[in-house]
There are 2 protein chains.
Amino acid sequence: MAASPNFMTGVPELLVLRLLQDREMYGYEIVAAVAEATGQVVAPKEGVIYPLLHALEQEGLLRAQRRPVGGRIRVYYGLTSKGVRRLFDLSDDWSRMARAIQHVLKGPTHAI
Amino acid sequence: MAASPNFMTGVPELLVLRLLQDREMYGYEIVAAVAEATGQVVAPKEGVIYPLLHALEQEGLLRAQRRPVGGRIRVYYGLTSKGVRRLFDLSDDWSRMARAIQHVLKGPTHAI
DNA sequence: ATACCATACCTATTGAAAATAGGTATGGAT
DNA sequence: ATCCATACCTATTTTCAATAGGTATGGTAT
């Protein structure tokens, strides 16, 4: 039903890139890690994360590596240098945006 | 071309409601006010603002009032009490989200 | 042994919302 | 008389999160 709820656009991408900056992770792990890291405030399901990972890999921001672990296959993702640059850009965008909005919200209730 | 760029979803609505909390404004004025208030960081054009105003009015969050000013007609919008409640809800949502993301971004680069 | 749940991957469809790119009309300034 | 700023509007496109599935394996409980 709900499509892109408030303030979510671009957030999964930003968080995934940020978490992968710390260490390589596989998809199923990322789903849990995003939710954990944000205290469940942001908790995109697999239907969001997997297509995102594929898109980011296609864009050359992530590098995928299939590793058999305990008879199962996990696809580990790591940041490319291009991915690092995108992370910085997105972080900057987000910071500017957040500061601007914060400013308006806290601004005087008595107009300009 | 671009559809819903990063972090913008719900932002025009939040900012419009916030600005109208201070005083009644008309559409064309709001377009400029949003850009001004955010230092051009967020600057939705008329194609975003007008449909948004109509949707918010339809939802009962805004009350519209047509006023002839200098031979021209301006449509002034004001917050309803329902609109005020929505503003509070959205502000809360945004704050929680912003705090969570900030936390992840600033978090240790050495993983969990 | 068998049923069941967690793990681990995947995709097609839907819905919402911003951006683009227009269009109409009036008033004032050059 | 022309042109720009004001002031309203809408149809179409594009993107992306969300929903709601589906497949397969390993381990645990009955």
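Here is how names work: the chains are called A, B, and so on, in the same order as the sequence lines, proteins then strands, and each is numbered from 1.
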Under 3.5 Å, which N/O atoms of the protein pair with N/O atoms of nucleotides 28-30 of chain C?
none

Every protein N/O within reach of nucleotides 10-12 of chain D N/O, cut-off under 3.5 Å:
| residue | atom | partner | partner atom | Å |
| --- | --- | --- | --- | --- |
| D:dT10 | OP2 | B:H54 | ND1 | 3.2 |

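Counting only heavy atoms from C-beta outward, the side chains of B:H103 and A:T38 never approach each other to under 4.5 Å. Looking only at side-chain heavy atoms (C-beta outward), A:V41 and B:I101 stay at 4.5 Å or farther from each other.
As a whole-Å value, the separation of B:I30 CD1 from D:dC9 C1' is 15 Å. At whole-Å resolution of the value, CZ in B:F7 and P in D:dA17 are 10 Å apart. Straight-line distance from the CD1 atom of A:I49 to the P atom of C:dC9: 12 Å, rounded to whole Å. Between the CD atom of A:Q58 and the P atom of D:dC16 there is a distance of 14 Å, given to the nearest Å. Counting to the nearest Å, the P atom of D:dC8 and the CZ atom of B:R67 are 12 Å from each other. Between the CG atom of B:N6 and the C1' atom of D:dA17 there is a distance of 13 Å, given to the nearest Å. Note: CE (A:M8) to P (D:dT19) measures 11 Å, nearest angstrom. As rounded to whole Å, 12 Å separates atom C1' of D:dG26 from atom CZ of A:R74.
With hydrogens and angles ignored, the 3.5 Å screen pairs a side-chain donor or acceptor of B:K82 with a backbone N or O of B:E59. Using a distance-only test at 3.5 Å, with no hydrogens or angles considered, no donor-acceptor pair links the side chain of B:R74 to the main chain of B:G27. In terms of modelled atom types and a separation under 3.5 Å, the side chain of B:R18 and the main chain of A:G107 share a donor-acceptor contact.
Ion pairing of A:R63 with A:E24 is absent here, as no side-chain N (NZ or NE/NH1/NH2) approaches a carboxylate O to less than 4.0 Å. A salt bridge links B:E13 with B:R86: at least one charged nitrogen is closer than 4.0 Å to a carboxylate oxygen. Under the 4.0 Å criterion applied to side-chain N and carboxylate O atoms, B:R23 and B:E29 are assigned as salt-bridge partners.
Residue B:Y26 places none of its side-chain N or O atoms closer than 4.0 Å to OP1 or OP2 of D:dC8. Within the structure, a side-chain polar atom (N or O) of B:Y28 is placed less than 4.0 Å from OP1 or OP2 of D:dT6.
Partner B:V11 forms a side chain to side chain contact (heavy atoms under 4.5 Å, CB included) with one of B:V34, B:V42, B:V16 and no other, that one being B:V42. Checking each of B:L15, B:L52, B:I49 against B:I30 for a side chain to side chain contact (heavy atoms under 4.5 Å, CB included) leaves exactly one that passes, namely B:I49.
A heavy-atom distance below 4.0 Å to DNA chain C is reached by none of the residues of residues 89-105 of chain A.
Of all the heavy atoms in B:P51 and B:V48, the pair that sits closest is CD-O, 3.5 Å.
Residues A:A43 and A:G71 each lie close to DNA chain D; by heavy-atom proximity, the contact nearer the 5' end of the strand is made by A:A43.
Hydrophobic clustering (ILVMFWY, side-chain heavy atoms < 4.5 Å, transitive): A:F88 and A:W94 are in one cluster.
If you check every strand for non-hydrogen atoms under 4.0 Å, A:I73 touches sugar and phosphate atoms only. In this structure, B:R72 reaches the bases: a heavy-atom distance under 4.0 Å links it to at least one base atom across the strands shown.
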